[in-house]
Amino acid sequence: MPLTLAATERPAFSARLKAETAARHEQAEHSSFMADLMGGKLTVEAYRMLLTQYVYIYEALEEVAAGFRAQPNPITDPFVLEGLDRLAAIKADLAELGGPTDARPLPATADYAAAIRATASAPERFLAHHYLRYLGDLSGGQAVAALVARYYGVPAEALSMYRFEALPKPKVFKDSYRGLLDSAPLTDTQRDALVGEALAGFDHNSRVFAQLGERLVP
(Lines give C-alpha, C1' and ligand atoms only; values in the text may rest on other atoms or scores of the structure.)
Protein backbone atom coordinates (compact mmCIF):
# COMPACT_ATOMS: atom_id res chain seq x y z
CA MET A 1 0.00 0.00 0.00
CA PRO A 2 1.50 3.37 -0.96
CA LEU A 3 2.23 5.81 1.85
CA THR A 4 -0.10 8.76 2.15
CA LEU A 5 1.20 12.33 2.01
CA ALA A 6 0.48 12.78 5.73
CA ALA A 7 2.61 9.75 6.53
CA THR A 8 5.58 10.93 4.50
CA GLU A 9 5.58 14.58 5.54
CA ARG A 10 8.28 15.63 7.97
CA PRO A 11 7.44 18.00 10.81
CA ALA A 12 8.28 21.65 10.25
CA PHE A 13 11.90 22.35 11.08
CA SER A 14 10.98 25.04 13.62
CA ALA A 15 8.86 22.46 15.47
CA ARG A 16 11.73 19.99 15.42
CA LEU A 17 14.15 22.62 16.71
CA LYS A 18 11.84 23.54 19.58
CA ALA A 19 11.17 19.90 20.49
CA GLU A 20 14.79 18.74 20.39
CA THR A 21 16.04 21.66 22.49
CA ALA A 22 13.14 21.75 24.98
CA ALA A 23 14.93 19.88 27.77
CA ARG A 24 18.10 22.02 27.57
CA HIS A 25 15.98 25.16 27.31
CA GLU A 26 14.08 24.23 30.46
CA GLN A 27 17.31 23.38 32.28
CA ALA A 28 18.76 26.82 31.51
CA GLU A 29 15.52 28.68 32.22
CA HIS A 30 15.10 26.97 35.59
CA SER A 31 18.67 27.38 36.80
CA SER A 32 18.90 28.46 40.43
CA PHE A 33 20.02 31.95 39.46
CA MET A 34 17.17 32.59 37.02
CA ALA A 35 14.57 30.94 39.28
CA ASP A 36 15.66 33.13 42.20
CA LEU A 37 15.86 36.26 40.05
CA MET A 38 12.39 35.78 38.63
CA GLY A 39 11.03 34.72 42.01
CA GLY A 40 11.98 37.99 43.65
CA LYS A 41 14.63 36.40 45.88
CA LEU A 42 17.62 38.43 44.68
CA THR A 43 18.30 42.15 44.19
CA VAL A 44 18.52 44.66 41.38
CA GLU A 45 22.29 44.15 41.60
CA ALA A 46 21.85 40.55 40.43
CA TYR A 47 19.90 41.77 37.43
CA ARG A 48 22.65 44.30 36.71
CA MET A 49 25.17 41.45 36.83
CA LEU A 50 23.13 39.55 34.25
CA LEU A 51 22.87 42.58 31.96
CA THR A 52 26.63 43.06 32.19
CA GLN A 53 27.21 39.54 30.85
CA TYR A 54 24.69 40.21 28.10
CA VAL A 55 26.87 43.04 26.84
CA TYR A 56 29.61 40.57 25.92
CA ILE A 57 27.19 38.00 24.48
CA TYR A 58 25.26 40.41 22.27
CA GLU A 59 28.43 42.18 21.22
CA ALA A 60 29.60 38.88 19.71
CA LEU A 61 26.20 38.05 18.22
CA GLU A 62 25.74 41.43 16.57
CA GLU A 63 29.32 41.51 15.33
CA VAL A 64 28.68 38.28 13.42
CA ALA A 65 25.27 39.53 12.26
CA ALA A 66 26.90 42.68 10.87
CA GLY A 67 29.33 40.50 8.96
CA PHE A 68 26.49 38.59 7.33
CA ARG A 69 24.77 41.86 6.43
CA ALA A 70 27.96 43.07 4.78
CA GLN A 71 28.32 39.83 2.78
CA PRO A 72 24.76 38.68 2.04
CA ASN A 73 23.98 35.01 2.45
CA PRO A 74 20.69 33.35 1.38
CA ILE A 75 20.49 31.52 4.71
CA THR A 76 20.90 34.53 6.97
CA ASP A 77 19.52 37.38 4.83
CA PRO A 78 15.89 37.15 6.08
CA PHE A 79 16.99 37.04 9.72
CA VAL A 80 19.67 39.69 10.29
CA LEU A 81 17.32 42.63 10.75
CA GLU A 82 18.80 45.68 12.42
CA GLY A 83 15.58 46.08 14.40
CA LEU A 84 16.59 43.01 16.40
CA ASP A 85 19.90 44.43 17.61
CA ARG A 86 19.95 44.74 21.40
CA LEU A 87 23.46 45.83 22.34
CA ALA A 88 22.80 49.58 22.39
CA ALA A 89 19.63 49.04 24.45
CA ILE A 90 21.45 46.79 26.93
CA LYS A 91 24.16 49.41 27.42
CA ALA A 92 21.53 52.11 27.89
CA ASP A 93 19.69 49.97 30.45
CA LEU A 94 22.92 49.38 32.35
CA ALA A 95 23.66 53.09 32.38
CA GLU A 96 20.23 53.68 33.94
CA LEU A 97 21.05 51.11 36.64
CA GLY A 98 24.51 52.44 37.49
CA GLY A 99 26.74 50.85 34.87
CA PRO A 100 28.35 47.43 34.33
CA THR A 101 29.38 45.32 37.30
CA ASP A 102 32.45 43.77 35.63
CA ALA A 103 35.18 45.06 33.37
CA ARG A 104 35.65 41.58 31.91
CA PRO A 105 33.24 38.73 31.14
CA LEU A 106 32.86 35.70 33.35
CA PRO A 107 34.76 32.66 31.99
CA ALA A 108 31.50 31.03 30.89
CA THR A 109 30.47 34.24 29.13
CA ALA A 110 33.82 34.48 27.35
CA ASP A 111 33.39 30.90 26.15
CA TYR A 112 29.86 31.66 24.97
CA ALA A 113 30.97 34.77 23.05
CA ALA A 114 33.82 32.81 21.46
CA ALA A 115 31.39 30.08 20.36
CA ILE A 116 29.17 32.70 18.72
CA ARG A 117 32.10 34.33 16.91
CA ALA A 118 33.17 30.88 15.67
CA THR A 119 29.95 30.72 13.60
CA ALA A 120 30.98 33.64 11.36
CA SER A 121 31.69 31.22 8.52
CA ALA A 122 28.83 28.82 9.31
CA PRO A 123 25.50 30.60 8.76
CA GLU A 124 23.40 27.66 9.90
CA ARG A 125 25.24 27.57 13.24
CA PHE A 126 24.95 31.34 13.61
CA LEU A 127 21.17 31.03 13.19
CA ALA A 128 21.07 28.75 16.23
CA HIS A 129 22.37 31.54 18.47
CA HIS A 130 20.23 34.13 16.68
CA TYR A 131 17.12 32.03 17.31
CA LEU A 132 18.02 31.29 20.91
CA ARG A 133 18.72 34.88 21.92
CA TYR A 134 16.19 36.97 20.00
CA LEU A 135 13.20 34.65 20.17
CA GLY A 136 14.07 34.22 23.83
CA ASP A 137 13.93 37.99 24.34
CA LEU A 138 10.58 38.11 22.57
CA SER A 139 9.21 35.22 24.66
CA GLY A 140 10.56 34.57 28.16
CA GLY A 141 12.37 37.90 28.08
CA GLN A 142 9.02 39.67 28.27
CA ALA A 143 8.30 37.85 31.53
CA VAL A 144 11.76 38.74 32.86
CA ALA A 145 11.06 42.41 32.19
CA ALA A 146 7.72 42.29 34.00
CA LEU A 147 9.12 40.43 37.00
CA VAL A 148 12.24 42.52 37.56
CA ALA A 149 10.03 45.61 37.35
CA ARG A 150 7.65 44.14 39.93
CA TYR A 151 10.16 42.71 42.38
CA TYR A 152 13.10 45.09 42.13
CA GLY A 153 11.53 48.33 40.99
CA VAL A 154 13.49 48.42 37.73
CA PRO A 155 12.00 51.36 35.82
CA ALA A 156 10.75 51.18 32.25
CA GLU A 157 13.71 53.33 31.19
CA ALA A 158 16.02 50.46 32.20
CA LEU A 159 14.06 47.75 30.36
CA SER A 160 14.50 48.93 26.79
CA MET A 161 16.25 45.72 25.71
CA TYR A 162 12.87 43.99 25.79
CA ARG A 163 11.12 46.56 23.59
CA PHE A 164 11.33 45.78 19.87
CA GLU A 165 9.73 48.92 18.54
CA ALA A 166 10.91 48.43 14.94
CA LEU A 167 9.23 45.02 14.68
CA PRO A 168 5.64 43.77 14.53
CA LYS A 169 3.98 42.54 17.71
CA PRO A 170 5.98 39.69 19.31
CA LYS A 171 3.61 36.86 18.38
CA VAL A 172 3.32 38.05 14.78
CA PHE A 173 7.08 38.35 14.46
CA LYS A 174 7.80 35.00 16.15
CA ASP A 175 5.35 33.19 13.86
CA SER A 176 6.99 34.83 10.86
CA TYR A 177 10.46 33.90 12.15
CA ARG A 178 9.49 30.24 12.55
CA GLY A 179 8.10 30.26 9.04
CA LEU A 180 11.39 31.61 7.76
CA LEU A 181 13.23 28.81 9.57
CA ASP A 182 10.95 26.27 7.94
CA SER A 183 11.63 27.66 4.46
CA ALA A 184 15.34 28.46 4.89
CA PRO A 185 17.52 26.88 2.16
CA LEU A 186 19.23 24.44 4.53
CA THR A 187 20.42 20.93 3.77
CA ASP A 188 19.64 18.14 6.21
CA THR A 189 23.23 18.31 7.41
CA GLN A 190 22.91 22.02 8.06
CA ARG A 191 19.65 21.51 9.95
CA ASP A 192 21.36 18.93 12.14
CA ALA A 193 24.21 21.37 12.75
CA LEU A 194 21.77 24.14 13.67
CA VAL A 195 20.04 21.92 16.22
CA GLY A 196 23.39 20.85 17.66
CA GLU A 197 24.55 24.45 17.97
CA ALA A 198 21.30 25.45 19.67
CA LEU A 199 21.78 22.68 22.23
CA ALA A 200 25.30 23.97 22.86
CA GLY A 201 23.92 27.51 23.15
CA PHE A 202 21.53 26.52 25.92
CA ASP A 203 24.41 24.79 27.70
CA HIS A 204 26.44 28.01 27.47
CA ASN A 205 23.54 29.90 29.01
CA SER A 206 23.32 27.39 31.85
CA ARG A 207 27.01 27.81 32.63
CA VAL A 208 26.71 31.60 32.63
CA PHE A 209 23.77 31.41 35.04
CA ALA A 210 25.67 28.94 37.26
CA GLN A 211 28.68 31.27 37.49
CA LEU A 212 26.44 34.24 38.24
CA GLY A 213 24.84 32.20 41.01
CA GLU A 214 28.25 31.33 42.44
CA ARG A 215 29.09 35.02 42.68
CA LEU A 216 26.05 35.58 44.88
CA VAL A 217 27.14 33.00 47.46
CA PRO A 218 28.61 34.79 50.51
Side-chain angles (χ1 to χ4, degrees), residues 12-15 17-18 21 25 28-29 47 50-97 100 109 112-113 115-149 154-186 190 194 197-198 201-202 204-205 208:
F13 177 62
S14 60
L17 178 59
K18 182 177 181 179
T21 59
H25 186 176
E29 194 171 63
Y47 180 63
L50 176 63
L51 277 186
T52 298
Q53 299 310 307
Y54 280 169
V55 168
Y56 304 110
I57 294 166
Y58 283 82
E59 190 171 57
L61 185 66
E62 291 171 15
E63 177 185 302
V64 178
F68 281 118
R69 286 187 200 121
Q71 295 187 337
N73 183 291
I75 292 174
T76 57
D77 285 352
F79 296 93
V80 288
L81 307 174
E82 291 187 4
L84 285 168
D85 288 352
R86 299 291 91 193
L87 183 59
I90 293 168
K91 289 181 175 180
D93 290 350
L94 269 173
E96 288 284 342
L97 295 173
T109 303
Y112 190 4
I116 292 171
R117 288 190 170 97
T119 68
S121 59
E124 70 282 1
R125 291 184 179 275
F126 166 73
L127 276 190
H129 296 288
H130 193 276
Y131 163 85
L132 188 161
R133 292 256 48 101
Y134 296 123
L135 255 64
D137 293 334
L138 286 157
S139 300
Q142 303 303 304
V144 172
L147 290 170
V148 298
V154 176
E157 294 80 9
L159 293 169
S160 65
M161 79 162 286
Y162 302 107
R163 294 195 293 272
F164 291 79
E165 294 168 347
L167 303 179
K169 290 183 179 180
K171 185 182 186 308
V172 173
F173 182 80
K174 288 187 294 181
D175 288 347
S176 172
Y177 189 106
R178 293 185 184 104
L180 289 172
L181 278 176
D182 294 338
S183 61
L186 297 162
Q190 286 174 317
L194 196 161
E197 192 74 23
F202 282 117
H204 281 297
N205 274 279
V208 171

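All figures in this text were calculated on a predicted structure; none of them were measured in a lab.
Here the closest heavy-atom approach between residue H129 and residue A115 is recorded as NE2-O, 4.3 Å. Heavy-atom minimum distance, L87 versus E59: CD2-CA, 3.9 Å. Here the closest non-hydrogen pair linking L17 and A198 is CD1-CB, 3.9 Å. Residue T52 comes nearest to P100 through the heavy atom pair OG1-CA, 3.4 Å, listed as atom of the first residue, atom of the second, then distance. Taking every heavy atom of both residues into account, D85 and Y134 meet most closely at OD1-OH, 4.0 Å. Minimum interatomic distance between G201 and L132 (heavy atoms only, all atoms of both residues): C-CD1, 3.5 Å.
Side-chain atoms of S160 never come within 3.5 Å of backbone atoms of E157 as a donor-acceptor pair (strictly under, hydrogens ignored). Between the E62 side chain and the R86 main chain, a donor and an acceptor come within less than 3.5 Å of each other. Looking only at distances, a side-chain donor or acceptor of R163 sits under 3.5 Å from a matching main-chain atom of A156.
Remark: R178 does not engage D182 in a salt bridge, criterion side-chain N to carboxylate O under 4.0 Å.
Using cut-offs of 30° and 60° for the angle between ring planes, the H25 and F202 rings count as parallel. The aromatic rings of Y131 and Y177 lie tilted to each other, with the angle between the two planes from 30° to 60°. Between H204 and Y112, the angle of the ring planes stays under 30°, which puts this pair in the parallel group of the 30/60° scheme.
With rounding to the nearest 0.5 Å, the separation of OG in S121 from CZ in F68 is 7.5 Å. Rounding to the nearest 0.5 Å gives a distance of 10.0 Å between CG of L159 and CD of Q142. Annotation: the span from L51 atom CG to L94 atom CG amounts to 4.5 Å, rounded to 0.5 Å. Here L138 contributes atom CG and K169 contributes atom NZ; the two are 14.0 Å apart, rounded to the nearest 0.5 Å. L194 contributes atom CG, which lies 11.5 Å from atom NE2 of H130 (distance to the nearest 0.5 angstrom). In this structure, I75 CD1 and L186 CG are separated by 5.0 Å, a value rounded to the nearest 0.5 Å.
Two residues are said to be in side-chain contact when any heavy atoms from C-beta on lie closer than 4.5 Å; Y54 and T109 fail this criterion. Counting only heavy atoms from C-beta outward, the side chains of N205 and R133 approach each other to under 4.5 Å.
The environment of K174 atom NZ is dense: over 12 non-hydrogen atoms of other residues, nucleotides or ligands sit within 6.0 angstrom.
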Report task. For the pair F173 and F164, evaluate ring-ring contact (aromatic ring centres under 6.0 Å, His included) and give the outcome as yes or no after the intermediate values. Result -> CA-CA 10 Å; F173 182 80; F164 291 79; 7.6 Å; no
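A side-chain donor-acceptor contact under 3.5 Å links Y58 and D137.
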